[in-house]
Undergrad: 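One structure coming up, written as C-alpha cells, with questions to follow.
What you are looking at is a predicted structure, and each value in this text was computed from that prediction instead of being measured. Each chain gets a letter, A, B and so on, in the order the sequences are listed, and its residues count up from 1.
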Protein chains: 2
Amino acid sequence: MSLRHGLLGLLAEGPASGYDLAGRFTELLSSVWPAQHPKIYAELNKLAAEGLVEVESEGPRRRKAYRITDAGIAEVKRWLTDVEVDHTMRLQPLLRSLFFWLMDTDELQRHLEAEARYYRELEQNYRDYAARKDRGEFGYSEQTQSMRVTIEAGIRLYSALADWAEWAQTVPPAKPAKPS
Amino acid sequence: MSLRHGLLGLLAEGPASGYDLAGRFTELLSSVWPAQHPKIYAELNKLAAEGLVEVESEGPRRRKAYRITDAGIAEVKRWLTDVEVDHTMRLQPLLRSLFFWLMDTDELQRHLEAEARYYRELEQNYRDYAARKDRGEFGYSEQTQSMRVTIEAGIRLYSALADWAEWAQTVPPAKPAKPS
DNA sequence: CTGGGACATGTCCCTAGGGACATATGAGAG
DNA sequence: CTCTCATATGTCCCTAGGGACATGTCCCAG
C-alpha cells in the first residue's frame, strides 16, 4: 500500500495529473519504487473516491489535475509517523549470488563485470542529480532538501553494490577441501 | 518467478524438504528475498509436476524430501546465465525519505535513529555470519563460498543504509530561500 | 498415558503489480 | 487539410505474494 502514499506525498508538493505523477515516478523513483501508469490512474481514482485528493482542474486532452485534501495530508503524515516501516528488500541479484557456484568461472566473471557497470552507471546518475541539486537547479525548498536525502541513499546504495560486484570478482572461485 | 529458481538453487546443494527450505529462506534470505511457506510448498508441487524436482524420500510426520533432477539443474543454470537480471528494488524507506519534509524535526530525528539502529543491527548479523564462515564453521565448499559473497553484499548494503541514516540526521532540515 | 509443543504440509482469499491492449485529443509537420 | 506523434487516461487479465486458517504427526514432559 505504498504507491497510495507515494502519490499522496508527491501531491503534497502541489497539484499534478496522473501523467505528471507517472513521469515523476519514472524520473526519480524508477529504481527504488517502480510504478506503472495503470496503477497510478487506478489509485488516483480510489483516492478521489475516498476524499484524500480532489480534481483541481480539467485541462486539454482529458487531463485531470489532482490536488491533495486536508484529509490526504493527514493520511500521509499518519503513514509517515504511525505506520511501521516496511523494510522488505527483494533483490534478485543477491538471490542469484547464492548460486554463483553453479556458474562457470568466466561466465561468472562476465556477469559480475556487467553488474558492476550497471550499478556504477546508476551511481553516476544519482551523483549527477545530486550535483545539479547542489548547484541549486531545483531551488532550496524543503521538498528538494528531502529529495537530496533520497538521492544520497541512491548514491550510497548503488556505490555499495558496484563495489561489491567488483570485490566479488577477486574472490577465488572455490577452495580445496579443508586441510584438516 | 525467482522463488522458483531460488528453490531449485537451494536444492542443487542437496535434497531437502519444504520445511527445510522454508527454514533456509528465513535464516539467510529473509532480508533479501522473503518467502512464506505456503508459496514454497505450492511451488515445490509445481516443480515436481514439471519434473524439475522429484520426491527423494518420505519421512516421519508426512515429511517429503525433494531432490533436484537433471532438468532442474539445467533450468537453474539457464536462469543464471541466459535470463536477464531483474534489478528491481522496492525500498519503502527510500520512498518515505522523499517525504521527510512533511515530518516535524524531532519526529524525523527519532525515525532516522531507529532506522540507523535497525540497519546497523542487520549489518552486525551479517558480519557475525561472515566471521563464522571465515572461521570455517560451514566448511569450504563452493556453495559456502557463494554464500560468503552473498553475506558480503548484505554487510555492505546494510552498512551503507546505516551510514546514510546517520548522515541524514546531520542534514539541516530546510534552507532559507536562495540568497539570490 | 495424556497433553502441549515443535515438526510438517497444505488450502483459501485477497491485494499489489506487470504487461498487453484500447482510446481520445491536441499540436505541429508537410 | 491530413497525418503522425506526443499527451493523457484508462481496461483487462494474469501471476506473485501476504496472511489467516486448517490439519496431521511425532516427541517429550509431567
Undergrad: Please tabulate the protein-to-nucleotide N/O contacts below 3.5 Å involving nucleotides 18-21 of chain D, giving atom names and distances.
TA:
from, atom 1, to, atom 2, distance (Å)
D:dG18, OP1, A:Arg90, NH1, 3.3
D:dG18, OP2, B:Gln36, OE1, 2.5

Undergrad: Name all residues meeting the ring pair (Phe, Tyr, Trp, His ring centres under 6.0 Å) criterion together with A:Phe99; count only those two or more places apart in sequence or in a different chain, and write none if there are none.
TA: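 With neighbours one apart ignored, the set is empty.
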Undergrad: Roughly how many Å is it from CG in A:Leu47 to P in C:dA16, rounded to a whole number?
TA: 11 Å
Undergrad: Show me the donor-acceptor pairs within less than 3.5 Å that the side chains of residues 50-59 of chain A make with the rest of the protein, sequence neighbours left out.
TA:
from, atom 1, to, atom 2, distance (Å)
A:Glu50, OE1, A:Arg4, NH2, 2.3
A:Glu50, OE2, A:Arg4, NH2, 2.9
A:Glu54, OE2, A:Arg67, NE, 3.4

Undergrad: Identify, with sequence neighbours excluded, every residue that meets side chain to side chain contact (heavy atoms under 4.5 Å, CB included) alongside A:Gln109.
TA: A:Glu113, A:Gln169
Undergrad: Mind grabbing the angle between the end helix axes of the helix from C:dC1-D:dG30 to C:dG30-D:dC1? Five pairs an end, 10° rounding.
TA: 10°
Undergrad: Between atom CE in A:Met89 and atom C1' in D:dG17, what is the gap in whole Å?
TA: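 Atom-to-atom, A:Met89 to D:dG17, this comes out as 18 Å.
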Undergrad: Excluding sequence neighbours, so at least two apart, what forms side chain to side chain contact (heavy atoms under 4.5 Å, CB included) with A:Ala131?
TA: A:Arg135
Undergrad: Could you tell me which residues satisfy ring pair (Phe, Tyr, Trp, His ring centres under 6.0 Å) with B:Phe100, sequence neighbours excluded, listed by chain and number?
TA: B:His111
Undergrad: Atom pairs under 3.5 Å, N or O on each side, protein against nucleotides 5-8 of chain D: can you list them with distances?
TA:
from, atom 1, to, atom 2, distance (Å)
D:dT7, OP2, A:Tyr19, OH, 3.2
D:dT7, O4', A:Arg61, NH1, 2.9
D:dA8, OP1, A:Arg63, NH1, 3.3

Undergrad: Over 60° means perpendicular and under 30° means parallel, so tell me whether B:His87 and A:Tyr118 are parallel, tilted or perpendicular.
TA: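 Geometry flag for A:Tyr118 against B:His87: parallel rings.
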Undergrad: Rounded to the nearest angstrom, tell me the gap between atom CD1 in A:Ile40 and atom P in C:dA16.
TA: 15 Å
Undergrad: Can you name the residues that form a side chain to side chain contact (heavy atoms under 4.5 Å, CB included) with A:Phe25, not counting sequence neighbours?
TA: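 Listed in chain order: A:Leu3, A:Leu7, A:Leu10, A:Leu29, A:Trp33, A:Ala35, A:Ile40.
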Undergrad: Could you give the CD-to-P distance, from B:Glu58 to D:dG24, as a whole number of Å?
TA: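 Taking CD of B:Glu58 and P of D:dG24, I get 17 Å after rounding.
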Undergrad: Please give the remaining members of the hydrophobic cluster of A:Val85, linking ILVMFWY side chains under 4.5 Å, ordered by chain and number.
TA: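 Members other than A:Val85 - counting any ILVMFWY side chain reachable under 4.5 Å - there are none.
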Undergrad: Considering residues at least two apart in sequence or located in another chain, which fulfil the ring pair (Phe, Tyr, Trp, His ring centres under 6.0 Å) criterion with A:Tyr19?
TA: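 Result, ring pair (Phe, Tyr, Trp, His ring centres under 6.0 Å) vs A:Tyr19: none returned.
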Undergrad: May I have the distance from A:Lys46 (atom NZ) to C:dC14 (atom P), rounded to whole angstrom?
TA: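 Taking atom P of C:dC14 as the reference, NZ of A:Lys46 is at 14 Å.
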Undergrad: Over how many whole Å does the gap from A:His5 atom NE2 to C:dA16 atom C1' extend?
TA: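 One finds 14 Å between C1' of C:dA16 and NE2 of A:His5, rounded.
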Undergrad: Could you list the residues that satisfy side chain to side chain contact (heavy atoms under 4.5 Å, CB included) with B:Asp128, not counting sequence neighbours?
TA: B:Gln124
Undergrad: Kindly indicate whether the side chain of B:Asp134, heavy atoms from C-beta on, has any atom under 4.5 Å from the side chain of B:Arg148.
TA: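 Contact flag for B:Asp134/B:Arg148 side chains = yes.
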